[in-house]
Amino acid sequence: MSNPKYKRVVLKLSGEALAGEAGFGINPAVIKNVAEQVKEVAELGVEAAVVVGGGNIWRGKIGEEMGMDRANADYMGMLATVMNSLALQDSLEQLGIETRVQTSIEMRQVAEPYIRRRAIRHLEKKRVVIFAAGTGNPYFSTDTTAALRAAEIEAEVILMAKNNVDGVYSADPRVDKNATKFDELTYFDVIKDGLAVMDSTASSLCMDNDIPLIVFSIMEDGNIKRAVMGETIGTLVRGKK
């Protein structure tokens, strides 16, 4: 078997990806499938960190409709990511993969606090590290968390696994049948054209730190491994062409 192209990666999962077709909560079959795909990568010797969103449990839009303070709504979203992270940790450990959850908001009875050097040491020991509770600050998305943590741990790539599309398109392919899929983009293209890949803060952070991003579908078994091995899937976004 050929060697993986990337030795240390950050996998970004949306909360919705864990909900499956229901769109809410955690689908046991889906989270088991995700865990099995992460296991495939870990068994290749790849150092894998994961950032999970919380949209399957709480969305800021709901808070907005309630007239809720934005900071409070964002903190609720951070707590939702902790629930998803603990569920993913349990699924991975049922498969025999040693895992650590680190949270940006301290909750020592539940998980470790995020400490950069400790996270890197876990990765070096081939433990999967799940970064929960976003950046610990309101007004920042879990996309930004993935970009920030990737820069901090010196990850070689961010793998953005989607549950409804297989890459980046010129428009929503579920709405516009004429939408064009991109094989490769720059972060400048993403920001300039307002493409729905990640928010502008995350895109700028990746661009400034020259961290490539691969956007692909999580729904096809083995795609995480394919991305790590360097196969051409989805859309590649990078700082320079």
Side-chain angles (χ1 to χ4, degrees), residues 3-15 17-18 26 31-54 77-137 140-161 202 205-206 209-214 218 223-225 227-230:
N3 293 323
K5 180 177 180 179
Y6 304 105
K7 300 297 185 185
R8 180 177 292 171
V9 306
V10 169
L11 173 65
K12 170 60 173 67
L13 291 168
S14 67
L18 301 181
I26 298 171
I31 199 167
K32 181 182 178 183
N33 177 267
V34 171
E36 287 171 345
Q37 291 196 55
V38 174
K39 179 183 178 180
E40 275 189 317
V41 170
E43 289 179 339
L44 292 172
V46 175
E47 297 174 6
V50 185
V51 174
V52 191
M78 292 179 217
L79 296 178
T81 71
V82 176
M83 295 173 69
N84 284 336
S85 296
L86 293 174
L88 181 58
Q89 178 186 38
D90 190 77
S91 293
L92 284 164
E93 291 187 339
Q94 285 184 42
L95 297 173
I97 300 298
E98 198 170 355
T99 311
R100 294 290 186 274
V101 174
Q102 292 196 340
T103 60
S104 299
I105 300 171
E106 284 200 26
M107 43 186 84
R108 292 177 182 270
Q109 291 88 342
V110 173
E112 298 179 359
Y114 170 68
I115 299 172
R116 174 181 171 270
R117 287 179 179 271
R118 183 180 290 177
I120 291 172
R121 187 61 182 142
H122 286 321
L123 292 168
E124 289 172 345
K125 290 183 175 181
K126 306 305 179 186
R127 296 167 180 154
V128 172
V129 180
I130 305 173
F131 297 123
T135 64
N137 301 290
F140 291 95
S141 69
T142 49
D143 286 349
T144 300
T145 304
L148 177 62
R149 296 290 181 255
E152 287 180 307
I153 68 172
E154 299 180 358
E156 296 171 286
V157 68
I158 298 173
L159 308 177
M160 181 167 281
L205 193 54
C206 287
N209 291 280
D210 198 23
I211 305 168
L213 171 77
I214 301 172
I218 190 68
N223 263 357
I224 299 176
K225 181 179 178 180
V228 166
M229 297 302 292

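Note that CG of L79 is 5.5 Å distant from CD1 of I105, once rounded to the nearest 0.5 Å.
In this structure, the side chain to side chain donor-acceptor pair (under 3.5 Å) partners of E124, at least two apart in sequence or on a different chain, are R121. The side chain to side chain donor-acceptor pair (under 3.5 Å) test applied to T144 returns S141, D199, not counting sequence neighbours. Qualifying salt bridge (charged side-chain N to carboxylate O under 4.0 Å, His left out) partners for R108, counting only residues two or more places apart in sequence or in other chains: E106. Partners of S91 by side-chain contact (heavy atoms from CB on, under 4.5 Å), not counting sequence neighbours, listed by chain and number: I31, A35. Partners of E43 under the salt bridge (charged side-chain N to carboxylate O under 4.0 Å, His left out) rule, at least two apart in sequence or in another chain, are K39. The side chain to side chain donor-acceptor pair (under 3.5 Å) check on K125 picks up nothing, with sequence neighbours excluded. By the side chain to side chain donor-acceptor pair (under 3.5 Å) test, N223 is found to be paired with R226, residues two or more places apart in sequence or in another chain being considered. Qualifying salt bridge (charged side-chain N to carboxylate O under 4.0 Å, His left out) partners for R100, counting only residues two or more places apart in sequence or in other chains: E98, E112. For E152, the salt bridge (charged side-chain N to carboxylate O under 4.0 Å, His left out) partners are R149, not counting sequence neighbours.
Residue pairs that meet the ring pair (Phe, Tyr, Trp, His ring centres under 6.0 Å) test with at least one member in residues 84-115, sequence neighbours left out, are Y114-F131. Residue pairs meeting the ring pair (Phe, Tyr, Trp, His ring centres under 6.0 Å) criterion with at least one partner in residues 83-109, sequence neighbours excluded, are absent. Residue pairs meeting the salt bridge (Lys or Arg N to Asp or Glu O under 4.0 Å) criterion with at least one member in residues 78-91, sequence neighbours excluded, do not occur.
Looking at T99, its side chain does come within 3.5 Å of a backbone N or O of I97 through a donor-acceptor pair.
Within 6.0 Å of atom NZ in K126, more than 12 heavy atoms from other residues, nucleotides or ligands are found, so the atom counts as buried in its surroundings.
Across all non-hydrogen atoms, the minimal contact from T81 to G53 is CG2-C, 3.7 Å.
When each of V46, L11, I214, V9 is tested with I224 by the rule side-chain contact (heavy atoms from CB on, under 4.5 Å), just one qualifies, namely L11.
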